[in-house]
Amino acid sequence: MFLVSFTAILYGAVAARAHYPYSPGINHVSPAQWSALNASVSGKLHGGIPLARPCFTLANTAGSADPAKCAAIREGYSNSRFLVEQFGAYMNVQWGSCQKTTQTCVLKGFNITDPSPSNPPNVCQQGSVSPYYIDVRDASDVQKALAFSKRTGVPLVVKNTGHDYEGRSSAPGSLALWTHNLQSLSYNVSFVPAGCPASRAKPGVTMGAGSIADNVVAFAEANNVTVVAGAERSVGASGGWLMGGGHGALANTLGLGVDRVLEFKIVTPTGQFLTANECQNSDLFWALRGGGGGTFGVVMESTSLASPKMTLQVAFAHFSRNNTNATRGFYKVVAENSVRWAEQGFGGYIESFQALYVTPKLNSTEAAATMQPLFDYVKALAPNDPGVQILNLEVPSYGTFYQTFIANSGAPVGENAVVASRLIPAANFASAENRTALVDALMQTLAHVTFGLTLIATTPYNVPDDGSTSVTQAWRTAVWHAIAEGGWDGAVPLDEEKSAYSGISAAADFLRAITPDGAYQNEADVNEPNHEVSFWGSNYPRLLQIKKKYDPENVLSCWHCVGYNPRSPRFSCYI
Ligand SMILES: Cc1cc2nc3c(=O)[nH]c(=O)nc-3n(C[C@H](O)[C@H](O)[C@H](O)COP(=O)(O)OP(=O)(O)OC[C@H]3O[C@@H](n4cnc5c(N)ncnc54)[C@H](O)[C@@H]3O)c2cc1C
Ligand SMILES: *[C@@H]1O[C@H](CO)[C@@H](O)[C@H](O)[C@H]1NC(C)=O
Ligand SMILES: *[C@@H]1O[C@H](CO)[C@@H](O)[C@H](O)[C@H]1NC(C)=O
Ligand SMILES: *[C@@H]1O[C@H](CO)[C@@H](O)[C@H](O)[C@H]1NC(C)=O
Ligand SMILES: *[C@@H]1O[C@H](CO)[C@@H](O)[C@H](O)[C@H]1NC(C)=O
Ligand SMILES: *[C@@H]1O[C@H](CO)[C@@H](O)[C@H](O)[C@H]1NC(C)=O
Ligand SMILES: *[C@@H]1O[C@H](CO)[C@@H](O)[C@H](O)[C@H]1NC(C)=O
Ligand SMILES: *[C@@H]1O[C@H](CO)[C@@H](O)[C@H](O)[C@H]1NC(C)=O
Ligand SMILES: *[C@@H]1O[C@H](CO)[C@@H](O)[C@H](O)[C@H]1NC(C)=O
C-alpha cells in the first residue's frame, strides 16, 4: 500500500422582465401561504437555519443554542462529507453570509476551537441562507415551488452540495430547492436516450441530481466501468459541476462531464418536466452541456457515458512546501514538458511543491520515460530537502487511483475561499520565450495568492470540439486550467472581504496578460472581466436565445449566469 502524504489538491443578460414580481417578496408571504405550500409538497418545506446556529447564544434566526450539536458542527466544520448533509452549510462559508452587510453566522475553520466567533456580543445572522427550503424528492415539488415563486415574488435558488465558488446556490430572502436527497444511481449497459433509435445504445450511469463524486466513483467501480467525476469527495456529479463543464483527472482522454452526458431530466422554469437529449429538446440539451447550473431549469437526473474499466499509469513528485527556491525550476520543467504530457493523455494537479499525474494511454515503461525530467528535477533536490517523494506506478482502475490519491487528500472547506481561473492554451508553451513568460507569470501569481495556485491539467486536450457542448472552445486547446486561491477565515470587516476579492483578481491578472479570455465558470473569479466570452466563447448568443425560450420570465437567475441581471435584489449581498 502506498502511504503518500498527499497534501490537499487545491481546493487547495436577459434584463429582468418588468412584470416578474421580485417584490413584494418574502416579507409579504403570510404564514397561511407557507402552510399551503408545505401542504402542496407533502410537508417537505423546512426552515433554513445557518449551520453554526447551535453554537450561538445570541441570534436573530430560528433555532436555538445546543452545545451537543455545536460540538458536532465544530468537528465537521472542515469535513465536506459532513457539510454536504446540512442544508444550512456552504463549503465556502461566505455564501451563507451576507457579505455586503457582514451579517454572518460562522466559526473559524482554521482554528475551530476558538470560541470567540460565537460568543456574545456576536449574533448569529441569517445572512444568505434561504429562510425556507424544500427537500426535493420529485418533479412535482419543483413545479409547486416555481408556481409559488411566480405568485409571491420570492426568489428561488437551487442548492445541491453548496460547493459553488460564486454564491450561485444561495440568496437572501429566497426559497431554496435542495436537491441533495436525489441520490439514485443505476447502470444500464445499453442505455438508449428516450426518443432515439435503439442503435444509439451506449453504457450509461443514471444519477439523481444530488449524487456526489465519492458515491458515483464507487458505483462505477462496483460495475466495472469508468466515469469522469470531480476531485473532491462531495462535489456534485449531476448538478452544477456537470452543467458548468465538470473536470476530473481523466478529462484529457475521456472528456469533461459535459462531453459524456447522454440525457437530462429537467423541470423547466415554466414548469414542464422534460427529457433533453440529442433526439428531443436538443437545444436545451446543448445548453445544459456547459451553459451552467441554476439557469435553464432544475435537473432531476442525468445519464452519462460509462467507459470500460482501465489500467492507469500514475506519476507523483513532491518536495517540501517551504522550498520556494525550488518552485521556479519546477515550473520550468513542467512547462517544458506539459504539451507532450497532455498529448500522452496525462491529466493531473500541479501545485507549487508537487505534481500528480495519471494517464490511460501509456504503459508503465513509456510513462516512466516521459516523466523522467520531472523525477530528475525533484530527485536533485533531495540532498537538501527531506520532503522529497517520487512515485511511479500502475493502478488497475480509476476507483483505485481515486481512493489512493484523491479522496483522502482533504479538501480545504470551511473557510471563505475566493478563486480565479484562467485557461492556459498550448500557444503559451510553444517557444522558450513563451515558457519564460509563462513561468514568470506563474511566479508572480503565486506571490500574490494567500492560499495557493493550482495548475489543473484536466483539460479535454484529446477530445475535440464537435459543437455538441456549450462550454467555451478555449477548453479544447488549453493545457491547464490555472486556479489562484485566496480568502479569509471566520468573520472579518467589509474592507478585508473586498481586498480578498480584489487580491485574487490582481493575482490572476498576471496570467490574463498573456492569455486570451478563457476561464472555467465553476472555479472563476466572482468579478471575472468579460465573463460571457471567458465562460462560453462564441456560444453565448445562442445560450441567451435558449434561456429566453425556456425561461421567458427569468425565474431562475444566478451570478454571472446566462441572462443574469446584476441589479436583481437576489444579488444584494455581493460586494
Ligand atoms: C472543495 C472543492 C473542490 C472542487 N473540485 C472540483 C473538481 O475537481 N472539478 C470541477 O470541475 N469542479 C470542482 N469544484 C467546483 C465545482 O464544480 C463547483 O463548485 C460547482 O458549482 C459544484 O456544483 P454542485 O452542484 O456540487 O454545487 P452547488 O453549489 O450546490 O450548485 C452549484 C450551481 O449549480 C446549480 N445547481 C445544482 N444542482 C442543480 C440542479 N439539479 N438543477 C439546476 N441547477 C443546479 C446551483 O443552483 C448553483 O448555481 C470544486 C469545488 C470545491 C469547493
Ligand atoms: C411542513 O410540514 C411538516 C409536516 O407537517 C412539518 O414537520 C414542518 O415543520 C412544516 N414546515 C414548516 C416550514 O412549517
Ligand atoms: C486559536 O484560538 C485560540 C483561542 O481558543 C487562541 O488562543 C489561538 O491564538 C488561536 N490560534 C491561532 C493560530 O490563531
Ligand atoms: C436499459 O435501457 C434500455 C433501452 O432504453 C431499456 O429497454 C432497458 O429496460 C434498460 N435496462 C435497465 C436494466 O434499466
Ligand atoms: C471489467 O472490464 C474489463 C474491461 O472492459 C474487462 O476486461 C473485464 O473482464 C471486466 N471484469 C468483469 C469482472 O466483468
Ligand atoms: C521546511 O520543511 C522541512 C521538511 O518538511 C522542515 O524540516 C523544515 O524545518 C522546514 N523549514 C521551515 C523554515 O519551515
Ligand atoms: C535554488 O534552486 C536552484 C535550482 O533551481 C539551485 O541550483 C540553487 O542552489 C538553489 N539555491 C538555494 C539557496 O537553495
Ligand atoms: C510499452 O510500449 C512499448 C511501445 O511503445 C513497447 O515497446 C513495450 O514493450 C511496452 N512495454 C510493456 C511493459 O508493455
Ligand atoms: C510565443 O513566442 C513567440 C516568439 O517566440 C511570439 O511571437 C508569440 O507571440 C508568443 N505567443 C504567446 C501566446 O505568447
Side-chain angles (χ1 to χ4, degrees), residues 8-12 31 34-35 37-39 41-48 62 80 83-84 90-92 95 108 110-117 131-136 142 156-171 176-180 182 208-213 228-249 251 256-257 264-267 288 292-302 349 406 410-414 417 419 421 456 458 481 483 485 489-490 520-524 556-561:
I9 294 170
L10 148 104
Y11 309 129
W34 288 116
S35 289
L37 175 64
N38 198 7
V41 296
S42 317
K44 286 172 283 184
L45 180 73
H46 302 281
S80 73
L83 298 176
V84 80
Y90 287 87
M91 303 290 163
N92 306 302
W95 301 114
K108 283 189 178 165
F110 292 162
N111 193 1
I112 196 62
T113 57
D114 184 347
S116 63
Y132 291 92
Y133 71 94
I134 295 172
D135 179 2
V136 173
V142 176
L156 280 186
V157 302
V158 186
K159 185 196 179 209
N160 180 26
T161 68
H163 269 76
D164 203 66
Y165 282 111
E166 286 163 277
R168 297 173 300 182
S169 41
S170 66
L177 291 165
W178 194 32
T179 55
H180 169 69
L182 299 171
S211 303
I212 59 172
V228 169
E232 200 284 314
R233 277 180 178 280
S234 71
V235 73
S238 191
W241 173 86
L242 178 58
M243 285 174 265
H247 65 80
L256 295 171
F264 286 99
K265 290 200 174 145
I266 180 171
V267 180
L288 292 169
T295 305
F296 301 96
V298 181
V299 165
M300 302 302 294
E301 67 174 44
S302 65
Y349 307 90
I406 299 188
V413 298
V419 300
S421 154
I456 302 205
T458 58
H481 143 53
I483 311 185
E485 199 180 12
D489 195 24
Y520 177 33
Q521 60 190 291
N522 279 344
E523 298 180 316
L556 290 182
S557 182
C558 44
W559 185 256
H560 280 188
C561 295

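Computed over heavy atoms, backbone and side chain alike; hydrogens, waters and symmetry mates excluded. Both counts, for ligands and for their atoms, begin at 1 and track the order of listing.
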* Asked: Can S116 be said to touch ligand 3, with heavy atoms closer than 4.0 Å?
  ->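 No, S116 has no heavy atom closer than 4.0 Å to ligand 3.
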* Roughly how far apart are D164 CG and Q521 CD, rounded to 0.5 Å? -> 9.5 Å
Non-hydrogen atoms of [X] versus ligand 1: any pair closer than 4.0 Å?
{"X": "M243", "result": "yes"}
{"X": "F296", "result": "no"}
{"X": "G297", "result": "yes"}
{"X": "V157", "result": "no"}
{"X": "G244", "result": "no"}

* Asked: Going by the atom numbers of ligand 1, which of them fall below 4.0 Å from some non-hydrogen atom of G246?
  ->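 Result: 11 (O).
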* With atoms numbered from 1 as shown, which atoms in ligand 1 lie under 4.0 angstrom from a non-hydrogen atom of A209? ->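 Checking each atom against A209, I get 41 (N).
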[atom] - nearest protein heavy atom and its distance:
{"atom": "atom 4 (C) of ligand 2", "answer": "G43 CA, 4.0 Å"}
{"atom": "atom 2 (O) of ligand 2", "answer": "N38 ND2, 2.4 Å"}
{"atom": "atom 3 (C) of ligand 3", "answer": "N111 ND2, 3.6 Å"}
{"atom": "atom 13 (C) of ligand 2", "answer": "L45 O, 3.7 Å"}

* To do: Report the part of M300 in contact with ligand 1, treating N, CA, C, O as backbone and CB onward as side chain, heavy atoms under 4.0 Å; options are side chain, backbone, both, neither.
  => neither
* Verify atom 9 (O) of ligand 2: protein non-hydrogen atom under 4.0 angstrom away ->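 No, there is no protein heavy atom closer to it than 4.0 Å.
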Is [X] in polar range of ligand 1, meaning some N or O pair under 3.5 Å apart?
{"X": "V235", "answer": "no"}
{"X": "E232", "answer": "no"}
{"X": "K159", "answer": "no"}
{"X": "N92", "answer": "no"}

* Number the atoms of ligand 3 from 1 as they appear, then name those within less than 4.0 Å of a heavy atom of P115, with their elements. => 5 (O)
* So H46 and Y133, would you call those rings parallel, tilted or perpendicular, with 30° and 60° as cut-offs? ->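 Plane angle between 30° and 60°, so tilted.
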